[in-house]
Each structure stands twice: as structure tokens, then as C-alpha cells.
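Right, one structure below, let's go through it.
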Amino acid sequence: MTDIQDYWVQKEAEVGEIVVAKFYCTYLSGDLSVKGPLTGVLFFSKATIYFQGFNSSKDLKTLFQMRRQEGISEGRLLKIPLISAKSSYTEPPRSIWRRLFASPDQTLVIVHTEDGKETVRYHFTVNRNELREIVDLINGVSLQSQSQKE
């Protein structure tokens with residue numbers, strides 16, 4: 001096993017769920033008390049969205065390399081049940097010229113609700129090529145869970 005695999009095995013043991021997808025992102029705002037943007041990993045189980053922040057982007061980049069440095073410094077862990085989450089994003093530019101000069105990152109909004117009322121809005125930036133997959137993971141599972149309740 002590589003260091004990366006070891007990390008994710010340990011993370012799965014910590015959260016008690018199997019990780020089915022993970023994405024590099026930057027936390028912009030929500031209810032975490034952090035100063036400025038926080039780099040991290042948005043990862044998913046079948047029932048939960050997690051955001052693991054890291055104290056420096058250098059620490060995070062090592063998770064996506066074959067060999068990582070020891071002593072990664074993790075920040076706070078955010079946990080949102082998929083059943084109470086909805087997601088949206090801004091559409092990418094349609095013009096080829098605007099897309100050519102657009103940032104590779106786009107804003108993702110995750111809304112946490114309780115009893116049908118919005119409680120918190122989380123804003124992240126993610127790679128625009130992964131945005132649709134992330135939104136589908138959030139909204140697809142969220143919609144399936146709600147239809148099972150009815």
C-alpha cells in the first residue's frame with residue numbers, strides 16, 4: 001500500500017464510512033471559523049459529504065502524490081448528511097473565447113437544510129471539469145433519499 005492509500009484507509013476508519021469520491025477544493029465561506037480560503041478535500045461516502053481542510057496547500061498536494069511527507073497538518077473536518085444537502089453552481093461561460101480565458105475553478109454552493117429550512121450555505125471553488133460530477137453526487141443522492149422518505 002502507498003502512503004496515499006494508507007491515509008484514506010485511516011480516514012475511512014475515522015469517519016466510519018467508505019469514501020466513494022474525493023475532490024481537491026478550496027473552502028470560501030460557511031460556518032467554519034477560518035480566516036481566508038482554506039484548501040482541502042471534499043470527499044463523499046454514500047450518505048455524507050465531508051470537507052477536510054488542511055493548514056497549508058503544500059500538505060494537501062502531497063495527498064495526490066505517490067509519496068507524501070509525514071506530518072500532514074489537518075484542520076477541521078466538516079460533515080454534511082447528503083439527505084439534507086442541495087447543490088448549485090454558476091454556469092460556465094458559453095463563448096469559447098470566454099471559456100479560454102476563464103479560471104479553471106468555479107464556485108460550488110452546498111446548502112444544508114433542516115426541517116425544510118436553509119441553515120447554512122457553504123461556498124467552495126472546485127475544478128470546473130469536476131463540478132458537474134460533484135453536483136450530481138450531491139443532488140442525485142439527496143433526491144433519492146427524499147423520494148424514499150415519501
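On a predicted model such as this, the values are computed, not experimentally measured, just so you know. Numbering of residues begins at 1 and proceeds along the displayed sequence.
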Partners passing ring pair (Phe, Tyr, Trp, His ring centres under 6.0 Å) against F43 (at least two apart in sequence or in another chain): W8, Y50
CA sep, side-chain torsions, deciding dist, call: K46, I18, side-chain contact (heavy atoms from CB on, under 4.5 Å): CA-CA 8 Å; K46 289 185 177 183; I18 294 173; over 6 Å; no
Does I138 belong to the same Ile/Leu/Val/Met/Phe/Trp/Tyr cluster as V109, with side-chain heavy atoms less than 4.5 Å apart forming each link? no
same_hphob_cluster(V111, L131) at 4.5 Å side-chain heavy-atom cutoff: no
Determine whether a donor-acceptor pair (N or O, by modelled atom type, separation under 3.5 Å) exists between the side chain of [X] and the backbone of [Y].
X   : Y    : answer
T26 : T39  : no
Q52 : V41  : no
S87 : N139 : no

Check against side-chain contact (heavy atoms from CB on, under 4.5 Å), T48 and V15: CA-CA 10 Å; T48 311; V15 300; over 6 Å; no
To the nearest 0.5 Å, tell me how far [X] [atom1] sits from [Y] [atom2].
X    : Y    : atom1 : atom2 : answer
Q106 : R132 : CD    : CZ    : 10.5 Å
L137 : L82  : CG    : CG    : 8.0 Å
E114 : T119 : CD    : OG1   : 5.0 Å
L108 : I134 : CG    : CD1   : 6.0 Å
L28  : T107 : CG    : OG1   : 6.0 Å
L38  : S29  : CG    : OG    : 12.0 Å

Heavy-atom closest pair (V126 atom, C25 atom, distance to 0.1 Å) is CG1-CB, 3.5 Å
Pairing residues for E118 by the salt bridge (charged side-chain N to carboxylate O under 4.0 Å, His left out) criterion, not counting sequence neighbours: R121
Do the non-hydrogen side-chain atoms of F23 and N127 ever get within less than 4.5 Å of each other? no
Would you indicate whether the side-chain heavy atoms of Y27 and L42 approach each other to under 4.5 Å? no
Are F51 and Y122 an aromatic pair by the rule of ring centers under 6.0 Å? no
